[in-house]
Amino acid sequence: MTKKLLLIDGNSIAFKAFYALYQSLDRFTNSSGLHTSAIYGFNRMLDKVLEEEKPTDVLVAFDAGKVTFRTKMYSDYKGGRAKTPTELSEQFPFLKELVAARGIKSYELPDYEADDIIGTLAKQAETAGDYQVVIVTGDRDLTQLTSDKTTVQVSKKGVTELETYTPEHVEKKLGVKPSQIIEIKGLKGDNSDNYPGVEKVGDKTALKLVQQFGTIDNLYDHIDEVSGKKLKEHLIHDEDQARRAKVLATINRDAPVTISLADLDYTGDDLDKLTDFYERMNFKSFLSKLGVDDQSSQEQLATIKCEVLTNKNLDELKQFQDEVSFHLEMSDENYHTADLLGFAIGQGEKWFVTNDVTLLKTPTIKDILTSSTIKKNVFDAKRTFVGLFRQSIELRNVDFDMLLVSYLLNTTNNSNDVGTVAKLHGFNNIKTDEEVYGKGAKRSIDTESQAFLDHLVHKAKAIDALHDAMFADLDKHNQTTLYRDIEIKIAFVLAKMEISGIKVQASTLEEMGSKFTERLSEIKQTIYQQAGEEFNIGSPKQLGTILFEKLRLPILKKTKTGYSTSVDVLEKLAPDAPIVQNVLNYRQISKLLSTYVDGLLKVIHKDDSKVHTRYLQTLTQTGRLSSVDPNLQNIPVRTEEGRLIRQAFIPSHPGWQIFSSDYSQIELRVLASITNDKNMQEAFREGEDIHATTARRIFGLKSNDEVTPELRRQAKAVNFGIVYGISDFGLSKNTGITRKQAHQFIQRYFEEYPGVKKYMEDIVEFARNHRYVETIAHRRRYLPDINSKSFNLRSFAERTAMNTPIQGSAADIIKIAMINMDEALKDMQTTMLLQVHDELIFEVPADELETVKTLIPKVMDSAIKLNVPLKVESHWGKTWYDAK
DNA sequence: ATGGTCACG
DNA sequence: ACGTACGTGACCATT
C-alpha cells in the first residue's frame, strides 16, 4: 500500500499564522496571558490538511536556531531581520506540545533549517518508492522540491488557504522547472534572506536568462551570447555572488538527520492530552470539535433565569419602564418574507421568552415596542423594525443596535449573527445560530424545543450585557454622533424604503424576455456555424477551447484556470474573427435575460407587484450600502439595450412619475474639500467642467475651450485614477496609454493639484501610524496590511487608505441627505424608493412634481457644508427609463 | 463552494 | 524590482 508522508515547515507556518492574526493579537490570549494566535492558526491549518490529505506519516520540522551552515558560509544570511516578537517566540514551546498532542512527531537539527530536514526526508521517501509526499509551508522557495511524487502546498493569505504546486503548476506559474528555481534565485538573490545575486537582475531578467541558458553554469559557459552590454558586465562582475546565492538557495537534501521515515507514523490525536491542552489555551471551538465535549459545551453556557411568556404573566413586563433588550427571531435572512418564530425580552436578571408571536400584538407588548419613552436595545434595528411592521407594530426609540455599533467599531467584523458578534466583544455565554440551528441543508429550527427558547434568551441577554461597553468603545472612537445622528436614523429610513418597494411591470419584462430569447437562439446558431461545432457558449472553459485552440486566436490574457475570455480580451479579438462579436452579443443578451428579466420576475411579490430589496447597512468596508434580493443598485444603464430594463420600473399609482436626483461628481468634490486643494476647489466654485479643467491643466492649455474630447476623456480617467489611489500601471492599463505617459500625467496632475498630492501622502502616513483611516463623519476602516512586508498587500492597503475617506465620505453625505429627506417629505405623498450610491429615486404624484423639483435637490445639496458646492441634477418621467 | 464574468456607482 | 486601479451582487459552470 502506498504511504502518504506529510512534512510541515513549522516555523514558516507559525510565522504566517502569527502575522495573519496580528490584528487580533490581543484577542488570542489564554487566562495566564500567553498569546495563542500562532498556535491557533497552526492548528487550523493542521485540521484542514489532516482532513484533506489523510496522511499515514507526518512530521513537523522546526529551525534549530539562528546559526546554520548557511550563516557559516555567508555571515549576513538572513541578516538585518527584525527580532522575532516575544508574542510569537513565547508560543513555540506550546506549539511543540500541540504537535505532540495531535500524535505528530516534531524534529529539529542543529546547523540546519527546517527546509533541509524536509528536503532530506522527502528525498528519502522518494527513494524508498512507495511514498507520496505532501509538503506544507509558507515559503514558496520550497516549491523547488516538487516532483511527480511530491507536491508542495504554500499558504496564501492566512494559513488555511493553500496553493498546491506540482511540477506543472510551478512551470505554469513561474515559467521554469522546479529544479531551476535555484538558478533564478542565484541570479536575482533574495532580499528577505538578505543575500545578493547579480546587480540589476530581478525576476524578469533572471527568468529570461534561465529560460535561455537553463542553468547558471551553462550561462557562464556561454557568457558571450548574453545580449545587453551592461547586463553582461554585471553578470561577469557578480559571478561569485551568483554562485554563492544559488548554493544558499538550494535546499540541502542530504542533511544528517537522525530521525528515519519509520519513525514518522501518524497516530492521531491523543484525546486526553489534547483536551487538556485546548482547555489551557482557551480553545473553545477546537474543544467542541473534539466531540468529547458536545454535551459539556451545551452545559458550559451558564443558565439565564427566565420565564416563558404567556397571557398570564404578561403584566410582569410592565416593570420595564426605562429600557428593555428585545430579540425577534425569524426563519431566514429575508425579513420581508420570513416567518416570525419567537422573541425574548427583558433586562438585567429578568427575562421572558416565547415562541408565541401572537403575543406581540397584545397591548402590553405593543406599548413597550412602540413607546417613545422606553429605550429598546436590539440586534439589527432595521430587521426588527420590518418584522414588527408586518404585524402592524411600529418600533420606536431604539437606543442600542448591537449589529450597527459593532460594524461602526470595526467594519471587518461584519457578522449578522448575535452570538458571533457577542463573542467578538467578550460575551461568551452564547452560541451562534449555526451551532444551535445547524447550517446549509441541515439547518432546522425547532421552535418547540427548550434549546430554541434558551438561545433567544441568551441573545437578548448578550445585547443587554454588552451595550454599555460597546457604547463606551463608540465614544472612544469619537463615533457616537455618527451612530446617533446617522446610522441608527438611516436604519429606519431604509426600512421604510424597503417596505415601500418599487413596482415592476411583469408584462414589460416578459415581452423583453421573449425578444431576448429569440435573438439569443439566432446568435447561438450563427456561433455554432462559425465554430463548426456546438458547445456551451456560457462556459468560459469550452469557449476558450474553441477560440484559442480550434480557431487559434492569439492568447492575450490568462486566468488562474485557463484562457481569459473577458470583454476587454474579446473586444481586442473582435476584428480578427467575426465569431467574437457574436459571442460578445450573446454574452450581453444572456446576462440581461438571466439576471434582469428572469431574475427580477422571480422576486416580484404577487400581492403588490413590487420588488422589496434589502439594503445591507453593515457590509461594505467604506460605509456604502449594498442591495440584495434583488440588487437594485446595478440595474443596467450604460448600454441602450440594457437600459430598456428600466422601462419595467414604474410608479405604484397611475399618473405618478419616477423622479431621480443624483449628485454630480460627488467624489471629486469630496476630494477637493478634504484635500483643501485650491485649484480644484476653484474649478468647482466657478462651476467649471472638472474633467475639462483637469485636461487644460495637465496638458498645459490656455483655456478649457482648447480641450478636445479625447483630452477630456484622458483627464477624466486620471481623475478616476486619483480617487482609486492611482498607479501609472493601473492608469495605462485602463486607458490604453503607455505607462510612461501615464506616469507623466500623474506627475502633471500632482503639480497642478498640489493639495491632492500632499493629502495622498499624509493619509497614507496617517494610516501607517494609526492602522486605520476615517471619513468626514468618523467612519473608520482598519488597514492591518498597511505596514505589511508584502508589496502586494501593502500597496492595496495604501490605495485603500486613499480611496476610503473619499468613497466613505460621499456615503456619509448621501445618508445625511436621506435622513433629512425623510423629514422633508413627511407630510407629502412623494416617496423615496431607492438609493444608488450617489442617486436617490422617488415616486411623485403629479401635483407634487413642481415642489419636488426644487425641494429634493435642495435637501441633497445642503446635506453638508463642504469647501466646495454640491451639485444635484434631476430627471423624471413615467418610468425609471424615462427619468433621464 | 469557488472562480469567471459582467451589471452598477 | 516589486505587480496594481476603489466599492459592490447575481448568474453560470465547474468542482
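Per chain, numbering begins at 1; letters A, B, ... match sequence-line order.
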For a salt bridge (Lys or Arg N to Asp or Glu O under 4.0 Å) check, start with the C-alpha distance between Arg646(A) and Asp882(A), then their side-chain angles and the critical distance, and finish with the verdict.
CA-CA 8 Å; Arg646(A) 297 184 170 217; Asp882(A) 301 292; over 6 Å; no
Would you indicate what [X] reaches in the nucleic acid, counting non-hydrogen atoms under 4.0 angstrom: base, sugar-phosphate, or nothing?
{"X": "Lys200(A)", "answer": "sugar-phosphate"}
{"X": "Asn734(A)", "answer": "base"}
{"X": "Ala717(A)", "answer": "base"}
{"X": "Thr565(A)", "answer": "sugar-phosphate"}
{"X": "Arg587(A)", "answer": "sugar-phosphate"}
{"X": "Val201(A)", "answer": "nothing"}
{"X": "Val723(A)", "answer": "nothing"}

Is there a stack between Phe729(A) and dT4(C), judged by ring centres under 5.5 Å and planes under 30°?
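Yes, aromatic ring over the base.
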With a 4.0 angstrom cut-off to heavy atoms of chain A, pull out the first and last contacting nucleotide of DNA chain B, in 5'-to-3' order.
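Under 4.0 Å from chain A, the extent on DNA chain B is dG4(B) to dG9(B).
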In this structure, are over 12 heavy atoms from other groups packed under 6.0 Å from Arg44(A) atom CZ?
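No.
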With side chain to side chain contact (heavy atoms under 4.5 Å, CB included) as the criterion, how do Asp190(A) and Asp141(A) come out once you've worked through the C-alpha distance, each side chain's angles and the decisive distance to 0.1 Å?
CA-CA 10 Å; Asp190(A) 185 324; Asp141(A) 293 346; 3.7 Å; yes
Matching residue for His336(A) among His612(A), Glu498(A), Arg383(A) - test: side-chain hydrogen bond (donor to acceptor under 3.5 Å, both in side chains)
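Per the side-chain hydrogen bond (donor to acceptor under 3.5 Å, both in side chains) rule, the option paired with His336(A) is Glu498(A), out of His612(A), Glu498(A), Arg383(A).
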My understanding is that only residues two or more places apart in sequence, or in another chain, count here; which of them pass ring-ring contact (aromatic ring centres under 6.0 Å, His included) with Tyr596(A)?
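Per chain and number, Tyr596(A) pairs via ring-ring contact (aromatic ring centres under 6.0 Å, His included) with no residue.
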Between [N] atom [atom2] and [X] atom [atom1], what is the distance in whole Å?
{"X": "Arg140(A)", "N": "dC2(C)", "atom1": "CZ", "atom2": "P", "answer": "12 Å"}
{"X": "Lys557(A)", "N": "dT4(C)", "atom1": "NZ", "atom2": "P", "answer": "11 Å"}
{"X": "Ile184(A)", "N": "dA1(C)", "atom1": "CD1", "atom2": "P", "answer": "15 Å"}
{"X": "Ile746(A)", "N": "dT4(C)", "atom1": "CD1", "atom2": "P", "answer": "16 Å"}
{"X": "Arg739(A)", "N": "dT4(C)", "atom1": "CZ", "atom2": "P", "answer": "11 Å"}

According to the Watson-Crick and G-U wobble definition with distances under 3.5 Å, which dot-bracket string, read 5' to 3', encodes DNA chain C, using [ ] for crossing pairs and | for pairs with another strand?
.....|||||||||.
With no angle test and no hydrogens, is the base of dT4(C) tied to the side chain of Arg794(A) by a donor-acceptor pair under 3.5 Å?
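When only heavy-atom distances are counted, Arg794(A) does not reach the base of dT4(C) through any donor-acceptor pair under 3.5 Å.
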Suppose we screen for side-chain contact (heavy atoms from CB on, under 4.5 Å). Which residues come up paired with Glu774(A), at least two apart in sequence or across chains?
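Once residues adjacent in sequence are excluded, the partners of Glu774(A) under the side-chain contact (heavy atoms from CB on, under 4.5 Å) criterion are Tyr772(A), His778(A), Arg780(A).
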Can you list everything that forms a side-chain contact (heavy atoms from CB on, under 4.5 Å) with Lys230(A)? Sequence neighbours excluded, please.
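Scan of Lys230(A) (side-chain contact (heavy atoms from CB on, under 4.5 Å), adjacent residues dropped) gives Glu233(A), His234(A).
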Please check if the side chain of Asp629(A) supplies one atom and the backbone of Arg614(A) the other of a donor-acceptor pair under 3.5 Å.
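Side chain of Asp629(A) to backbone of Arg614(A): no pair is present.
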Non-neighbouring partners of [X] that pass salt bridge (charged side-chain N to carboxylate O under 4.0 Å, His left out), sequence neighbours left out:
{"X": "Glu510(A)", "value": "none"}
{"X": "Asp662(A)", "value": "none"}
{"X": "Lys541(A)", "value": "none"}

Considering only atom P, compute the distance from dC2(C) to dA7(B) and round it to an integer number of Å.
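My reading of the P atoms in dC2(C) and dA7(B) gives 34 Å.
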Say you pick atom C1' in dC6(B) and the same atom in dG3(C); how far apart are they, in whole Å?
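Straight-line distance between the two C1' atoms is 24 Å.
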Between Leu593(A) and Met512(A), is a side chain to side chain contact (heavy atoms under 4.5 Å, CB included) present by the stated rule, with each step listed?
CA-CA 8 Å; Leu593(A) 184 62; Met512(A) 295 174 80; over 6 Å; no
Sugar-phosphate atoms are those with a prime plus P, OP1 and OP2; base atoms are the rest. Using that split, label each nucleotide of nucleotides 8-15 of chain C B, S or - for protein heavy atoms under 4.0 Å, 5' to 3'.
SBBSSSSS
Please identify each residue that fulfils side chain to side chain donor-acceptor pair (under 3.5 Å) with Thr618(A), with sequence neighbours left out.
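Side chain to side chain donor-acceptor pair (under 3.5 Å) list for Thr618(A), sorted by chain: empty.
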If you find the nucleotide of DNA chain C closest to Tyr724(A) and the one closest to Asn792(A), which residue's nucleotide is nearer the 5' end?
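That would be Asn792(A).
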Here's a test of your reading of the structure: between Leu731(A) and Thr205(A), which maps to the more 5' nucleotide of DNA chain C?
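Of the two residues, Thr205(A) wins.
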Mind listing the residues from residues 804-816 of chain A sitting with a heavy atom below 4.0 Å of DNA chain C? Number order is fine.
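By residue number: Gln807(A).
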Phosphate OP1/OP2 of dA5(C) contacted by Lys733(A) side-chain N/O (<4.0 Å)
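So the side-chain polar atoms of Lys733(A) do come within 4.0 Å of the phosphate oxygens OP1 or OP2 of dA5(C), strictly under.
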Filter on ring-ring contact (aromatic ring centres under 6.0 Å, His included), then keep only pairs touching residues 714-744 of chain A, sequence neighbours left out; what's left?
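For residues 714-744 of chain A, and leaving out neighbouring residues, there are no ring-ring contact (aromatic ring centres under 6.0 Å, His included) pairs at all.
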Counting only side-chain heavy atoms from C-beta out, which of dG7(C), dA5(C), dG3(C) sits nearest to Phe720(A)?
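Between dG7(C), dA5(C), dG3(C), the one nearest the side chain of Phe720(A) would be dA5(C).
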So Ile806(A) and Thr775(A), do their side chains get closer than 4.5 Å, heavy atoms only?
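No, side chains not in contact.
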